There are 2 protein chains.
Amino acid sequence: MSGGLSKQRLRLWVNLLRTTRLIEADLREEMRTAYRTTLPRFDVLSALERHAAGLLMGELSRHLMVSNGNVTGIVERLVADGLVERLAVEGDRRAILVRLTQAGAAAFAAMAAQHENWIDRRLEAVGRDEAQTVIDSLSRIREDRP
Amino acid sequence: MSGGLSKQRLRLWVNLLRTTRLIEADLREEMRTAYRTTLPRFDVLSALERHAAGLLMGELSRHLMVSNGNVTGIVERLVADGLVERLAVEGDRRAILVRLTQAGAAAFAAMAAQHENWIDRRLEAVGRDEAQTVIDSLSRIREDRP
DNA sequence: GGATTTTATTTCAAGTATAAATTATATAAA
DNA sequence: TTTATATAATTTATACTTGAAATAAAATCC
């Protein structure tokens, strides 16, 4: 045993989990009261906003790191609300392209600005360099695993 | 605007979320295949293991940072499996004390050792000092907000 | 003591999540 | 071509999750 290093890593994991959950809870509450929406819906809109040409259901699922079937349901509700549209894909009749509608893009723009503010306040305790340090560590963790 | 600091904090949040989700997905898969169980169940057992005298439902819910009603369901299933027991609380007939059974303690002990190994491998990329640095940053984020 | 409020938990409806099975289509191989 | 295999998405069954409402018991007020 390497001097309790594995215990230290376990502590890191617990800290990661608790911090993420805490911030997620705050964001969920803000989203709910300010926009009557949920985090998963926001996440979908956010991914689509970064891909103006649209995304396939599978791509969306991989971007968000949630299961395929899950995305089906969330997109369904967003379509029902007119924020998202589904389009047939030229040359592959299995695939479906999902894209923001104008209403969806507008709704997202308003939310995204507030979202950035909430995060800014929530992470007030970290400055630029410290943030970069943590980002680097997290990136290395994610990349370490082929 | 402070030179894009809020954008940097947003990047930090995205990194936090992606890393946590990635590790959670790995752990869920390990838990499922190795022990036919789920992360939420493991989390409940873990909290109870750290409190041998048991926890009230409300305490459990606060520890795990999940809603009250949620804990009810998970504990229910753990009770059905004989890993957890519910006890009346002397002097307060509203409260319910939840505690590991012997079987639950044994099951958890086996899982916990493996869990630490999985985390150790998953966080191989970070050493002791780096881990401490990240833990400090995360702790400060959590504490910054009364 | 009795009314009011607070606290502890459960129930409920709706949404989110997974894994496994299914459907439909596309691609490759024989 | 026919057959086999792979891919894209949905459906299904089950579990997790929340917020709000309901229940019940305690604590506080007057």
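Hydrogens, waters and symmetry mates are skipped; everything else that's a heavy atom, side chains included, is used. From a predicted model like this one, the values you see are computed outputs, not experimental measurements. A note on names: the letters A, B, ... follow the listed sequences, proteins ahead of strands, and every chain is numbered from 1.
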Open item on the list: Using whole Å, what does the distance between atom C1' of nucleotide D:dA9 and atom CG of A:L87 come to?
Closed with: 15 Å
Open item on the list: Please compare B:A25 and B:G69 by the position of their nearest nucleotide in DNA chain C and report the one closer to 5'.
Closed with: B:G69
TODO: List, by chain and then residue number, the residues other than B:V14 in its hydrophobic cluster (Ile/Leu/Val/Met/Phe/Trp/Tyr, side-chain heavy atoms under 4.5 Å); write none if there are no others.
DONE: none
Task: Contact pattern, 5' to 3', of nucleotides 21-26 of chain D - B, S or - by protein heavy atom under 4.0 Å - done: ----BS
TODO: Could you check how far CG of A:N68 sits from C1' of C:dA21, rounded to whole Å?
DONE: 13 Å
- [ ] Output the single nucleotide from D:dT10, C:dT9, C:dA20 whose closest atom is nearest the side chain of B:R32.
- [x] C:dA20
TODO: Would you kindly compare B:P40 and A:A95 by the position of their nearest DNA chain D nucleotide and give the one closer to the 5′ end?
DONE: A:A95
TODO: Provide, to the nearest angstrom, the distance between the CG atom belonging to B:D81 and the C1' atom belonging to D:dA15.
DONE: 13 Å
- [ ] Please determine if A:R32 and A:E29 form a salt bridge, counting it only when a charged side-chain N lies under 4.0 Å from a carboxylate O.
- [x] yes
Open item on the list: Whole angstroms only, please: what is the CD-C1' distance between A:E30 and D:dT18?
Closed with: 16 Å
Open item on the list: Tell me whether B:T19 contacts the main-chain N or O of B:N15 through its side chain, where contact means a donor paired with an acceptor under 3.5 Å.
Closed with: yes
Task: Distance in angstrom units between B:R77 CZ and C:dT18 C1', rounded - done: 13 Å
Open item on the list: If hydrophobic clusters are built from ILVMFWY residues whose side chains come within less than 4.5 Å, do A:L17 and B:I141 share one?
Closed with: yes
Open item on the list: What I'd like to find out is whether the side chain of B:H63 reaches to under 4.5 Å of the side chain of B:H51, using heavy atoms alone.
Closed with: yes
Open item on the list: Students often get this wrong, so: under 4.0 angstrom with heavy atoms, is B:R41 touching a base, only sugar-phosphate, or nothing?
Closed with: sugar-phosphate
Open item on the list: Does D:dT10 have OP1 or OP2 under 4.0 Å away from a side-chain N or O of A:T72?
Closed with: yes
Open item on the list: What is the separation between atom CG on A:L39 and atom P on D:dC16, rounded to the nearest whole Å?
Closed with: 21 Å
Task: Selection: residues 46-61 of chain A, any non-hydrogen atom under 4.0 Å of DNA chain D - done: A:L56, A:M57, A:G58
- [ ] Ignoring hydrogens and angles, tell me if any N or O in the side chain of A:S139 forms a donor-acceptor pair with the backbone of A:I135 under 3.5 Å.
- [x] yes
Extract all donor-acceptor atom pairs below 3.5 Å that involve side chains of residues 97-114 of chain B and protein atoms in other chains or at least two apart in sequence.
unit_1, atom_1, unit_2, atom_2, d
B:R99, NE, B:E85, OE2, 3.3
B:R99, NH2, B:E85, OE2, 3.0
B:T101, OG1, B:G82, O, 2.7
B:T101, OG1, B:L83, O, 3.2
B:T101, OG1, B:A103, N, 3.4
B:T101, OG1, B:G104, N, 2.9
B:Q114, OE1, B:W118, NE1, 2.9

- [ ] Scan B:R86 against the nucleic acid and name what it touches under 4.0 Å (heavy atoms): base, sugar-phosphate only, or nothing.
- [x] sugar-phosphate
Open item on the list: Using the rule given for salt bridge (charged side-chain N to carboxylate O under 4.0 Å, His left out), can you reason through B:E24 versus B:R21, listing the C-alpha separation, both sets of side-chain angles and the distance that settles it, and then say yes or no?
Closed with: CA-CA 5 Å; B:E24 266 191 314; B:R21 281 199 188 164; over 6 Å; no
Open item on the list: OP1 or OP2 of D:dG19 versus the side-chain N and O atoms of B:S67: is any pair under 4.0 Å?
Closed with: no
Task: d(CD1, A:I74; C1', C:dA14) in whole Å - done: 13 Å
Task: Non-neighbouring partners of A:E116 that pass side chain to side chain donor-acceptor pair (under 3.5 Å), sequence neighbours left out - done: B:S6, B:K7
Open item on the list: Rounding to an integer number of Å, can you tell me how far B:R28 CZ sits from C:dT16 C1'?
Closed with: 12 Å
Open item on the list: Quick check against the 3.5 Å criterion: does B:R9 have a side-chain atom that pairs as donor or acceptor with the backbone of A:V126?
Closed with: yes
Task: Minimum heavy-atom distance between A:S67 and A:S61, given as atom pair plus value - done: C-OG, 3.8 Å
TODO: May I ask you to evaluate whether A:N70 reaches the phosphate of C:dT18, defined as a side-chain N or O under 4.0 Å from OP1 or OP2?
DONE: yes
- [ ] Take the C1' atoms of the five end pairs on each side of the helix from C:dG1-D:dC30 to C:dA30-D:dT1, derive the two axes, and give their angle rounded to 10 degrees.
- [x] 10°
Open item on the list: Is it the case that the side chain of A:T133 and the backbone of A:D129 share a donor-acceptor pair, with hydrogens and angles ignored and the cut-off at 3.5 Å?
Closed with: yes
